[in-house]
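By convention in this document, chain letters (A, B, ...) are assigned in the order of the sequence lines, proteins followed by strands, and residues within each chain are numbered from 1.
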Number of protein chains: 2
Amino acid sequence: MIAQPKPRPGKRINDPEGMRKKVLDVAEDAFQARGYHASSIGDLMAAAGVSGGALHHHFPTKKALALAVIDERVAAAVEETWIAPVLAAASAREGVRAVFEAVAAQLEQQGFVRGCPLNNLAHELSLADPDFRIALAGIFAGWRRAIADKLHADQQVGKDEGTDPERFAALTVAAYSGAMSMAKATQDAGVLRDCLAGLERSAPSPSQGALAARRRNRILPRPGTP
Amino acid sequence: MIAQPKPRPGKRINDPEGMRKKVLDVAEDAFQARGYHASSIGDLMAAAGVSGGALHHHFPTKKALALAVIDERVAAAVEETWIAPVLAAASAREGVRAVFEAVAAQLEQQGFVRGCPLNNLAHELSLADPDFRIALAGIFAGWRRAIADKLHADQQVGKDEGTDPERFAALTVAAYSGAMSMAKATQDAGVLRDCLAGLERSAPSPSQGALAARRRNRILPRPGTP
DNA sequence: TTGACAAAACAGGACAACCGGTCTGTTTTA
DNA sequence: TAAAACAGACCGGTTGTCCTGTTTTGTCAA
């Protein structure tokens, strides 16, 4: 007999939080791999091992599920992959460089590119529903704000003056988003390095210790796809 | 009686090319506005006023229709919006600037943003099917090549040396793609101008006549949505 | 502690609408 | 007169949602 968690016939254990998390896990993965419309709730139920009634109890509609994925998972992915590393870096430019390189390295090691979760959903859902659009736009805004604030903090210490923080943040987010789009289409992460190199041409930096902030990134979910 | 084109009951005129064009028109528009999966062939038939048999005669499957849209329409849009204006400009940098500004201006005048057709479909279809991915990657490649070649030609005349053409092209395409992604999510084309400004910081340009190449762009299709 | 009881959590089937594709048949055209 | 072009019905499968039950769990008086 295989030792499964709790396949006992006569007993059942209610685990609302665990079940909700399990559904969000598979939904996040499916939306990232196949997109929103191409992921049926039947697929999600099967992948998560959740009954229709249970899923409907936690997420009344598919839209509600997607909104939860956006608010809780996509936002967290941006926070973990971009905002936290940039804030922890020695400077904004250094943080941006570290993230670009870390993501490129992981993608190359991984061997395939599924794209940026935020941009993937943004393209598919921004025009589909105002609620989707507002949620996604908010994540973009937070992303840009974090970078702009970091650069502004740098300038308070005399670093990197002469660069407009808002423009720098916009260009950084755009370059990364577009690079991931191309990387996904070409299945080649090299374009990330090209864009980073082009981006750093505009740096007035003299020279700084190149201590790469080694942080795990989370643009691409679980490597093991069962 | 309303004067319709040809609603005569007893007569019919075969117009293969016209019917094919009509289908591609509505498909291009629907894919841009709602995406591939959200556009049913029933919707397309109704919008184009085409029977199921006719549509199936020209495009046996939905995938075949999408591939035709990509090869004939999306590629043409990139050519018209980006490649031709850049090639016609005084320099690569000048062409890039002109396109960014022209697109931003049109979007602001239009009042809403539907995004870049290439990136819209790239995000939704790149992982869905290898044929889609290859077709889309090819358009990206042509786009980058045109910009890189233009910059290389500039350098043959001594202009803008010290800039790597491939990297410049990659960054330009990425910045535009990402900016359009954000513009779509925020429904605000201002980010295009922010990115352009950030992009031009890396220019070693002394000064050149700012003759804006005024060309119609075609990122967003027909303004009138019936 | 117990027992009652309402709410939450979960199971699983039912259903109408819709999807994309196919099929047969008719009309036009080379 | 055969092939191309078009019309329109048809079908099996899928979609998202709802619905009716059943089980578990928390609560609170006794």
| note | residues 43-79 of chain B vs ring pair (Phe, Tyr, Trp, His ring centres under 6.0 Å), sequence neighbours excluded, gives none

| Sub-4.0 Å heavy-atom contacts from residues 129-136 of chain B onto DNA chain C, ordered by number | none

| query | Looking at residues at least two apart in the chain, or sitting in another chain, which of them share a salt bridge (Lys or Arg N to Asp or Glu O under 4.0 Å) with B:Asp164? | reply | none

| said: Holding to salt bridge (Lys or Arg N to Asp or Glu O under 4.0 Å), I want the full list of residues that pass it with B:Arg133, two or more places apart in sequence or in another chain. | reply: none

| A:Lys22: side-chain contact (heavy atoms from CB on, under 4.5 Å) partners, not counting sequence neighbours | A:Val50

| message | Whole angstroms only, please: what is the CE-P distance between A:Met45 and D:dT17? | response | 12 Å

| said: Test your reading of the model: is there a side-chain donor-acceptor pair from A:Ser181 to the backbone of A:Ser177, 3.5 Å cut-off? | reply: no

| task | Do nucleotides 5-13 of chain D as a string where each nucleotide becomes B, S or -: B if the base has a protein heavy atom under 4.0 Å, S if just the sugar-phosphate does, - if no protein is that close. | result | BSBB-----

| task | Using five pairs at either end of the helix from C:dT1-D:dA30 to C:dA30-D:dT1, determine the angle between the two local helix axes and round it to 10 degrees. | result | 20°

| query | What residue pairs, at least two apart or across chains, pass ring pair (Phe, Tyr, Trp, His ring centres under 6.0 Å) with a residue in residues 125-144 of chain A? | reply | A:Tyr36-A:Phe132, A:Trp82-A:Trp143, A:Trp143-A:Tyr176

| said: Can you tell me how far apart CG (A:Leu136) and OG1 (B:Thr186) are? Round to the nearest 0.5 Å. | reply: 11.0 Å

| Does some side-chain heavy atom of B:Ile134 sit less than 4.5 Å from a side-chain heavy atom of A:Gln187? | no

| Worked check of side chain to side chain donor-acceptor pair (under 3.5 Å) between A:Lys184 and A:Asn119 | CA-CA 11 Å; A:Lys184 182 179 177 182; A:Asn119 279 279; over 6 Å; no

| task | Taking side-chain contact (heavy atoms from CB on, under 4.5 Å) as the test, write out the residues that go with A:Lys21, two or more places apart. | result | A:Asp25, A:Arg73

| field | Pair A:Arg34 + B:Glu124: basic N to acidic O under 4.0 Å | value | no

| Any side-chain hydrogen bond (donor to acceptor under 3.5 Å, both in side chains) pairs touching residues 42-52 of chain A, not counting sequence neighbours? | A:Ser40-A:Asp43

| field | Nearest-Å distance for atom pair CG/C1', residues A:Leu44 and D:dT17 | value | 14 Å

| field | A:Lys150: side-chain hydrogen bond (donor to acceptor under 3.5 Å, both in side chains) partners, not counting sequence neighbours | value | none

Distances under 3.5 Å only, N/O to N/O: pair up the protein atoms with those of nucleotides 17-20 of chain C.
residue: C:dC19; atom: OP1; partner: B:Ser40; partner atom: OG; Å: 3.4
residue: C:dG20; atom: OP1; partner: B:Lys62; partner atom: NZ; Å: 2.6
residue: C:dG20; atom: OP2; partner: B:Ile41; partner atom: N; Å: 2.8

